[in-house]
Amino acid sequence: MSKVKKALESKLAITVFSILVSFVVGAFFLAIMGISPIEAYAKLFSSIFSTPKNMAYCVVYGTPLIFTGLAVAFSFRTGVFNIGAEGQFVVGSMAACVVGILVPAPSIILIPLCFIAAAVAGCLWGLIVAFLKVKWGINEVLSMIMFNWIAYYLSNYIAGFSIIHSDGNAEATKNVQDAARILFPESWRDALCPSANWGIFVALAAVVVVYVILEKTTLGYQLKAVGFNRHAAEYGGINVSRNIYTAMAISGALAGIGGAVQLLGMGARISIFTSQESYGFQGISVALIGASNPIGVFFAGIFYGALKYGGSKLNLIGAPSEVINIIMGTVVFFIAISHVFRFTRIRKSKKKKEGAQ
């Protein structure tokens, strides 16, 4: 019986339960709007699974979310709440864009340079917040929210430079050079989708690297120790400040690389923003669904990407694509509330034991 109870309380079971409940909640709101939930969900899933092209688009949509999910998950595991992945994603994509436009080089040199520039930009954006936290104790959540907006306006400012801005009427940057693109060969894209690219393999490599760092290295042990109990880690001789810097540097670099993948694999240029694109905020949902586990984040990113792509087709039957936001919000809510219930149950169990003694 205890094994059954343990299985039901596992993170995977909670995630699956939350996803199922979220679709029920989405169906409820669709029914209120006079739209058949069966018809809407049939359209949603057919848009995802009906053809190789649709499935390829789901992967393309999900790949940047894997990176922002990894960024948030990495910081979660190390005790820092990285709500700034949005800004790190934006500065990473702009850094890759500037290099991709201005640096004349063959693909074998230019593509790595774009990724390095994105990683460095995201890393620095995270380190600034880490410095404010370590040096003056400024709450990282507040700092990151402000730095998200700074990144937003900084990107728009750089996009307006004459050397970067589009030569036409588009309110966007120039396209990066073809040598900077990470698209599949044309014959593969003809069979899959026009935006099919190597980004998913970069994401797989990032998942492996993050998993190895967290689970197989001394650095990962120290980072997780700080995340579990900062004071105990410091008492045990771990340099907490250094680990906060390390966590934010790696987390920011991951989000920045996600911005480069989105740019070089799909967008090719950066539009002047009218609002935040929310890749970083969606990464928070991906990290929660993936239980902050790198492997879980990979599948959660693909899941979210599939819903984003499939949801974009719901307007063909008169259903609002915003129902996907309702579904994802409900998933996150139930996953979050499950931790509250688990914490409450553990506290009650401890009190019973203390009372028995």
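All residue numbers in this chain count up from 1 along the given sequence.
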Check your understanding: Does Tyr211 have its ring centroid less than 6.0 Å away from the ring centroid of Phe298?
Key -> no
Exercise for review: Kindly check if the number of other-residue, nucleotide or ligand heavy atoms within 6.0 Å of CG (Asp178) is above 12?
Suggested key: no
**Study point:** Between CG on residue Leu307 and CD1 on residue Ile302, distance to nearest 0.5 Å
**Key:** 11.5 Å
Revision key, fill the gap. Heavy atoms of Ala287 and Val72 approach each other most closely as CB-CG1, 3.8 Å
Practice item. Please name the pair of heavy atoms, one in Ser46 and one in Asn54, separated by the smallest distance, quoted to 0.1 Å. Key: O-ND2, 3.6 Å
Point to revise | More than 12 heavy atoms from other groups under 6.0 Å of CD1 on Ile38 | key: no
Exercise for review: Step through the shown structure and confirm whether more than 12 heavy atoms of other residues, nucleotides or ligands are within 6.0 Å of CD1 on Ile32.
Suggested key: yes
Review point. In terms of heavy-atom contacts, does NZ of Lys224 have more than 12 from other residues, nucleotides or ligands at under 6.0 Å?
Key: yes
Exercise for review: Decide yes or no for Pro294 and Arg77: does some side-chain heavy atom of the first lie under 4.5 Å from some side-chain heavy atom of the second?
Suggested key: yes
Check your understanding: So Ile163 and Leu102, side chain to side chain contact (heavy atoms under 4.5 Å, CB included) or not? Walk me through it.
Key -> CA-CA 8 Å; Ile163 196 171; Leu102 299 181; 3.7 Å; yes
Practice item. Hey, could you give me the CG/CG distance between Leu30 and Leu44, rounded to the nearest 0.5 Å? Key: 10.0 Å
Review point. So, for Met55 and Ile48, which heavy atoms are closest and what is the spacing to 0.1 Å?
Key: CG-O, 3.1 Å
Practice item. For atom CZ of Phe81, decide whether the heavy atoms of other residues, nucleotides or ligands shown that lie under 6.0 angstrom number more than 12. Key: yes
Review point. Is there a path from Val59 to Leu183 through hydrophobic residues (I, L, V, M, F, W, Y) whose side chains come within less than 4.5 Å of each other?
Key: no
Point to revise | Side-chain donor/acceptor of Ser292 to backbone N/O of Leu288, under 3.5 Å | key: no
Review point. Is it true that a side-chain atom of Tyr41 and a backbone atom of Ala27 form a donor plus acceptor pair closer than 3.5 Å?
Key: yes
Point to revise | Ser143 side chain vs Glu140 backbone, donor-acceptor pair below 3.5 Å | key: no
Check your understanding: Judged by atom type as modelled, is there a donor-acceptor pair below 3.5 Å linking the side chain of Asn82 to the main-chain atoms of Ala247?
Key -> no
**Study point:** Interatomic distance, Leu219 atom CG to Thr246 atom OG1 [nearest 0.5 angstrom]
**Key:** 6.0 Å
Check your understanding: Are the side chain of Ser278 and the backbone N or O of Phe281 linked by a donor-acceptor pair below 3.5 Å?
Key -> no
Point to revise | Residue pairs involving residues 85-105 (criterion ring-ring contact (aromatic ring centres under 6.0 Å, His included); sequence neighbours excluded) | key: Phe89-Tyr279
Review point. Hey, does Lys53 have a side-chain heavy atom less than 4.5 Å from the side chain of Cys193?
Key: yes
Practice item. Taking atom OH of Tyr245 as the centre, report whether more than 12 heavy atoms of other residues, nucleotides or ligands fall under 6.0 Å from it. Key: yes
Point to revise | Where Phe334 and Ser18 come nearest, the two heavy atoms and their spacing | key: CB-OG, 3.3 Å
Check your understanding: Counting only N and O atoms by type, is there a donor-acceptor contact under 3.5 Å from the side chain of Glu86 to the main-chain atoms of Gly280?
Key -> yes
**Study point:** Sidechain-backbone polar pair: Ser50 side chain, Ser47 backbone, donor-acceptor under 3.5 Å
**Key:** no
Check your understanding: Can you check side chain to side chain contact (heavy atoms under 4.5 Å, CB included) on Val98 and Phe161, steps first, answer last?
Key -> CA-CA 11 Å; Val98 170; Phe161 289 175; over 6 Å; no
Check your understanding: So Ile270 and Ile164, side chain to side chain contact (heavy atoms under 4.5 Å, CB included) or not? Walk me through it.
Key -> CA-CA 10 Å; Ile270 296 176; Ile164 300 294; over 6 Å; no
Exercise for review: Search all heavy atoms of Gly305 against all heavy atoms of Leu65 and return the closest pair with its distance.
Suggested key: N-CD1, 4.1 Å
Check your understanding: Quick check: are there more than 12 heavy atoms from other residues, nucleotides or ligands sitting under 6.0 Å from OH of Tyr157?
Key -> no
Check your understanding: Judged by atom type as modelled, is there a donor-acceptor pair below 3.5 Å linking the side chain of Asn156 to the main-chain atoms of Ile272?
Key -> no
Study note, to complete from the structure: d(Lys133 NZ, Met144 CE) to nearest 0.5 Å is 8.5 Å
**Study point:** Hydrophobic cluster membership, Trp136 vs Ile145, 4.5 Å side-chain cutoff
**Key:** yes
Exercise for review: Give the minimum heavy-atom separation between Ile289 and Met328, together with the two atoms involved.
Suggested key: CD1-CE, 3.2 Å
Check your understanding: Hey, what's the ring geometry for Trp125 with Phe147, parallel, tilted or perpendicular (30° and 60° as the breaks)?
Key -> perpendicular
Check your understanding: Hey, any chance Leu70 and Leu223 share a hydrophobic cluster, counting ILVMFWY side chains that come within less than 4.5 Å of each other, even indirectly?
Key -> yes
**Study point:** Flag, side chain of Asn197 to backbone of Ile182, donor-acceptor distance under 3.5 Å
**Key:** no
Point to revise | Side-chain donor or acceptor of Arg230 paired with backbone N/O of Val240 under 3.5 Å | key: no
Point to revise | Cluster overlap Val331 with Val24, hydrophobic side-chain contacts below 4.5 Å | key: no
Point to revise | Heavy-atom check, side chain of Asp167 versus side chain of Lys174, under 4.5 Å | key: yes
Check your understanding: Mind checking whether Trp198 and Phe201 have parallel, tilted or perpendicular rings, split at 30° and 60°?
Key -> tilted
